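Everything below concerns the one structure shown next.
Only a predicted model underlies this, so the values are computations on that prediction, with no experimental measurement involved.
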Amino acid sequence: MAEKYRFERLDHSASGYEQISRLMGKVFPKARHLTPRYFEWYYGKNPDGRAIGCNAFAGDELVGHMAAQVFPSRLDGEELRGAYTVNGSVHPLHRGCKLQSRISATLFEQAAAMGCVLCLATGNKWSTGPLLTRYEMLRPLEARIGIGLPRARGDSGEPSFERIWSEEAMRWRMANPEGRYSAIRDLDRMAILSPAGVPGIGAILYQGRSVGAFSETNDLPGPLRLWLGLDPDVDWRGSAFLPIPMRLRPSPLNLVYRDLTGGGFLPDPARVVFRGVDFDAF
């Protein structure tokens, strides 16, 4: 019997991005930012390297997709390449055929062949279970809301994992054609903000003494700030940020990890740094 599905590497042509956008529209009808120009930017223009991925076709129709951004990272003090998988999706009429498992396996092979030693993903309350058949749980992302900017402890030590952002890569990240970003200053710190999807709330994507090519702006999303991620150097004691209870989070996110070397290594979850700028929520 002929194979029902055909699997191909990510197509970086304009028609390839158009196909992916059409599939996303069927799988995530409310995610209107997943346009062809978004994929041209997100998949094709990253200075750390173009995205890798796998597409599944039924005839000429794209029915399954997953991609991964490849990036430099620091893993227990050593600079190594990692991958972060995004946009795992299967057409509603083709679910239950194990497409996502086959696509993931192909993607892991591609990433390992490029020298990546790890693969990350973020799962919500629906996708975390399936992800844990292929990944190990690191920990849920922290979610807090408040005003101002959280302060740094300065004594948290070396992270067990952290993505490395060059100034060129940060400029690319902030060039999202479907995004809107602002920079603010609070004493000696600056932060990059993005609308959080709720009126009056801005998500903190990144903060530090410098935000690269960004300069301070007045185009702010709102007075409240959402902090979503992991960073052991953030000092919440006495801050104006309160944790958001799990029951009040519309989609709690979990960070999961796969060792692509086959050694079963897992970084210390308490020392993982994973900020808003590191994933594709904003």
Side-chain angles (χ1 to χ4, degrees), residues 33 41-42 46-48 69 71-74 84 86 120 122 139-244 249-253 255 270-282:
H33 68 287
W41 161 77
Y42 194 45
N46 185 347
D48 289 328
Q69 293 286 354
F71 56 85
S73 68
R74 191 171 291 108
Y84 172 61
V86 293
L120 298 174
T122 46
R139 55 182 296 190
L141 299 188
E142 292 185 35
R144 293 177 179 255
I145 194 163
I147 58 175
L149 296 176
R151 299 186 178 278
R153 291 172 47 193
D155 61 353
S156 60
E158 183 78 25
S160 62
F161 168 83
E162 182 177 21
R163 177 169 178 164
I164 299 172
W165 284 96
S166 66
E167 186 167 321
E168 182 185 12
M170 186 67 77
R171 280 198 300 268
W172 161 78
R173 178 65 176 82
M174 295 299 109
N176 179 353
E178 304 295 342
R180 181 165 64 89
Y181 305 100
S182 304
I184 63 170
R185 180 180 295 278
D186 181 4
L187 299 177
D188 63 341
R189 295 163 300 153
M190 290 192 72
I192 298 173
L193 305 179
S194 171
V198 178
I201 300 179
I204 300 172
L205 303 190
Y206 179 86
Q207 68 179 56
R209 293 186 180 276
S210 171
V211 290
F214 256 57
S215 57
E216 189 172 359
T217 66
N218 294 316
D219 181 24
L220 301 180
L224 292 177
R225 307 278 181 260
L226 171 68
W227 197 95
L228 182 64
L230 298 170
D231 191 344
D233 197 46
V234 174
D235 188 358
W236 300 113
R237 295 169 299 179
S239 75
F241 282 77
L242 297 175
I244 302 174
R249 301 185 195 183
S251 181
L253 294 174
L255 183 64
R271 296 188 294 116
V272 167
V273 174
F274 191 75
R275 296 169 288 235
V277 73
D278 296 329
F279 60 107
D280 62 338
F282 307 105

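Legend: residues meeting salt bridge (charged side-chain N to carboxylate O under 4.0 Å, His left out) with R275, ordered by chain and number and at least two apart, are E162. Not counting sequence neighbours, the partners of N46 by the side chain to side chain donor-acceptor pair (under 3.5 Å) test are Q69. Applying the side chain to side chain contact (heavy atoms under 4.5 Å, CB included) criterion to I147, with sequence neighbours excluded, gives L224, A240. Checked against ring-ring contact (aromatic ring centres under 6.0 Å, His included), F241 has the following partners two or more places apart in sequence or in another chain: W236. Partners of S160 under the side chain to side chain donor-acceptor pair (under 3.5 Å) rule, at least two apart in sequence or in another chain, do not exist in this structure. Taking I244 as the reference, A143, I145, L226, L248, R249 meet the side chain to side chain contact (heavy atoms under 4.5 Å, CB included) condition, with sequence neighbours excluded. Applying the salt bridge (charged side-chain N to carboxylate O under 4.0 Å, His left out) test to R271 and every residue at least two apart in sequence or in another chain returns D76, D268. Residues passing the side chain to side chain donor-acceptor pair (under 3.5 Å) test with E178, sequence neighbours excluded: T35, R37. The ring-ring contact (aromatic ring centres under 6.0 Å, His included) test applied to Y42 returns Y38, not counting sequence neighbours. Scanning for side chain to side chain donor-acceptor pair (under 3.5 Å) contacts around W172 gives an empty result, with sequence neighbours left out.
For the residue pair P150 and V234, the shortest heavy atom distance occurs at CB-CG1, 3.6 Å. For the pair P47 and A169, the tightest heavy-atom approach, listed with the atom from each and the gap, is CG-CA, 3.6 Å. Scanning both residues, W165 and R173, for their nearest heavy atoms gives CZ3-CB, 3.7 Å. Nearest heavy atoms, I204 versus G148: CD1-O, 4.3 Å. Among all heavy-atom pairs drawn from L230 and P140, the shortest one is CD2-O, 3.5 Å.
A heavy-atom distance below 4.5 Å is not found between the side chains of V277 and R163. When side chains are defined from C-beta on, P195 counts as touching R180, because their heavy atoms get closer than 4.5 Å.
When ring centroids are compared, F71 and Y84 stay outside the 6.0 Å threshold.
In this structure, CG on L228 lies 9.0 Å from OG1 on T122, to the nearest 0.5 angstrom. Rounding to the nearest 0.5 Å places CG of L205 at 9.5 Å from CG of D278. L255 contributes atom CG, which lies 9.0 Å from atom CZ of F279 (distance to the nearest 0.5 angstrom). From E168, atom CD reaches atom CZ of R171 across 6.5 Å, with rounding to the nearest 0.5 Å.
Within the 3.5 Å criterion, the main-chain N or O of P232 finds a donor-acceptor partner in the side chain of R153. A donor-acceptor pair under 3.5 Å is absent between the side-chain atoms of Q207 and the main chain of A152, judged by distance alone.
Among residue pairs with one or both ends in residues 232-244, those qualifying as salt bridge (charged side-chain N to carboxylate O under 4.0 Å, His left out) are D235-R237; sequence neighbours excluded.
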